[in-house]
Amino acid sequence: MRQAPDVHQAEPIPEAARAGLEALLQSGDLFRYTAPENAPVSLLEAEFAERIGATYALAVSSCSAALFLSLKALGLPRDARVLIPGFTFAAVPSSVVHADCIPVLCEVGENYRVDLADFEAKLDTVQAVIISHMRGHTSDMDAIMGLCDARGIPVIEDAAHSLGTTWNGRNIGTIGKIGCFSFQSYKMINAGEGGILITDDADLVGRAIIMSGAYEHNWKKHPVLQDAFARWQNQLPLYNLRMSNLSAVVIRPQLPELARRVRDGRANHDYVAERLEASPYVTVPAPLAPEQRAPDSIQFNLLGLDQDDIRAFAEAAKTRGVAVQVFGLSADNARAFWNWQFLGDLPDLPQTRAMLMRACDVRLPVRLTRAELDAVADILLEALAEVTGPVRAYGT
Ligand SMILES: *Cc1c(COP(=O)(O)O)cnc(C)c1O
């Protein structure tokens with residue numbers, strides 16, 4: 001039997017991080033606001049904003065913290081309704097609840113993207129929108145921005161897992177009013193934990209910076225318009241969601257690696273997708289035309305299999321060493337909306353539910369070799385054959 005690769009092991013952190021860490025360990029200067037200038041977190045913010053094509057960036061403790069601060073910085077009142085996709089990570093509705101707002105769930109199609117008809121139908125009932133580009137699958141941002149701009153509704157892009165994806169050549173995260181990214185270990189850049197918020201709105205980022213924990217006059221260490229801050233002095237709560245210099249020195253040397261990771265990830269994904277699509281039981285939803293993906297995992301839908309077959313397939317793949325997560329079938333999956341019981345009243349989203357019951361998720365870290373990708377594809381196809389029997393040729 002083929003040896004399955006370990007798909008949870010990350011790429012090594014670039015050697016260049018070592019010097020930064022050594023200097024930090026020597027100086028003990030781990031807090032972002034101790035140094036008068038050029039703290040690693042500040043340098044990361046400037047570099048990230050430049051690279052992604054945004055005016056301002058604020059590094060924080062996680063993408064969830066960035067989403068929470070975004071809602072707070074928008075000044076949404078208590079109980080404001082926030083439209084989110086019915087297919088996202090549990091941290092997203094959680095950040096809405098954390099911000100004292102009410103998540104409103106919208107249907108998602110079998111291509112993992114926001115269902116625009118349901119989105120439009122619910123849009124007039126909400127005061128803000130979060131679009132999660134789940135696993136990098138980009139919803140139609142032209143249509144979404146058109147609908148939201150016409151109503152003056154702010155859009156937050158949850159690009160936690162989409163760093164490097166582009167839409168019409170623009171980086172995902174720069175299209176809405178605010179973009180949020182994650183540096184958790186399973187994302188494109190790995191600091192264990194961490195997040196960053198980007199925007200072109202000086203006043204908004206000023207509020208977010210203060211609320212992230214720039215107490216007293218620490219906001220003066222942010223190279224943004226100083227005028228954006230003065231009027232908010234002592235007016236906002238301090239939630240202390242700052243990033244530590246330790247995280248920033250681990251992230252900064254990974255930024256120049258991003259283009260290569262994106263290239264490798266896309267090639268790996270497309271290779272495995274092509275192999276899997278040779279099976280009549282598998283379909284890999286295509287990107288939308290303006291989208292260039294940056295995947296580090298693959299999602300595919302199983303066709304013509306009932307739930308028992310789908311379970312048996314996941315079990316057969318697991319026995320061979322490849323973990324397949326069927327979003328709706330794996331127990332307590334944090335991406336299945338019916339498990340977000342902390343929301344209380346859960347809506348019925350039949351279309352999203354049907355997708356989740358047959359959508360499979362397999363990690364494909366960008367470091368995998370061609371032989372390892374073949375092992376993953378072989379195992380998935382063997383597991384499928386075990387459940388379906390040999391595939392009959394057409395016409396027989
Ligand atoms: C990982 C992820 C998050 C949460 O990111 P954290 O940095 O762990 O808080 C939110 N949304 C999506 C789509 C994610 O993939």
Side-chain angles (χ1 to χ4, degrees), residues 8 10 41 44 48 57-72 82-99 103 105-106 108 112-114 129-139 141 144 155-165 167 171-173 175-176 178-198 208 212 239-244 246-248 250-251 254 265 291 293-299 325 327 333-337 339-340 342 352 355-356 359 361-366:
H8 283 92
V41 179
L44 167 65
F48 192 88
L58 169 64
V60 289
S61 52
S62 68
C63 181
S64 303
L67 291 168
F68 163 76
L69 280 174
S70 301
L71 295 167
K72 284 290 172 195
V82 179
L83 194 53
I84 67 170
F87 175 44
T88 183
F89 186 55
V92 175
S94 304
S95 69
V96 177
V97 171
H98 190 190
L105 273 50
C106 151
V108 168
Y112 321 129
R113 292 164 175 83
V114 165
V129 163
I130 298 177
I131 298 294
S132 283
H133 304 297
M134 262 310 261
R135 296 287 192 273
H137 300 290
T138 306
S139 290
M141 288 309 291
I144 287 168
V155 175
I156 301 166
E157 285 184 86
D158 166 17
H161 212 147
S162 299
L163 183 58
T165 305
W167 179 262
N171 278 307
I172 278 301
I175 298 168
I178 309 173
C180 301
F181 299 86
S182 174
F183 301 122
Q184 186 267 344
S185 288
Y186 293 166
K187 316 296 163 118
M188 212 42 124
I189 290 184
N190 166 23
E193 303 284 359
I196 200 160
L197 172 165
I198 56 164
S212 77
Y239 294 108
N240 281 12
L241 302 165
R242 295 173 300 255
M243 179 180 277
S244 141
L246 273 174
S247 304
V250 170
I251 294 167
Q254 292 181 65
E291 177 187 357
R293 314 199 253 212
D296 59 6
S297 62
I298 187 165
Q299 290 70 47
Q325 203 174 192
F327 293 108
N333 193 297
R335 299 149 204 88
F337 64 87
N339 290 327
W340 306 338
F342 53 86
T352 306
M355 177 276 285
L356 291 167
D361 186 27
V362 174
R363 287 178 49 75
L364 286 182
V366 303

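Order of listing sets the numbers, starting from 1, for every ligand and every atom in it. For the single chain, residues carry numbers from 1 onward in sequence order.
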Considering only distance and modelled atom types, tabulate donor-acceptor pairs under 3.5 Å from the side chains of residues 185-195, sequence neighbours left out.
{"from": "Ser185", "atom 1": "OG", "to": "Asn190", "atom 2": "OD1", "distance (Å)": "2.8"}
{"from": "Asn190", "atom 1": "OD1", "to": "Gly192", "atom 2": "N", "distance (Å)": "2.9"}

For Phe87 and Phe327, take the angle between the two ring planes, folded into 0 to 90°, and tell me which bin it lands in: parallel under 30, tilted 30 to 60, perpendicular over 60.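 Aromatic pair Phe87/Phe327 classed perpendicular.
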Out of the candidates Ser70, Ser132, Ser95, only one should pair with Ile156 under the side chain to side chain contact (heavy atoms under 4.5 Å, CB included) rule; please name it. Ser70
Qualifying residue, where the test is side chain to side chain contact (heavy atoms under 4.5 Å, CB included) with Val92 and the options are Val82, Leu67, Ile131: Leu67
Residues passing the ring-ring contact (aromatic ring centres under 6.0 Å, His included) test with His133, sequence neighbours excluded, are none
Under the rule for ring-ring contact (aromatic ring centres under 6.0 Å, His included), what residues qualify as partners of Phe89, not counting sequence neighbours? none
Shell of residues surrounding ligand 1, defined by a 4.0 angstrom heavy-atom cut-off that is strict: Ser62, Cys63, Ser64, Phe89, Val92, Met134, Asp158, Ala160, His161, Ser182, Gln184, Lys187, Gly194
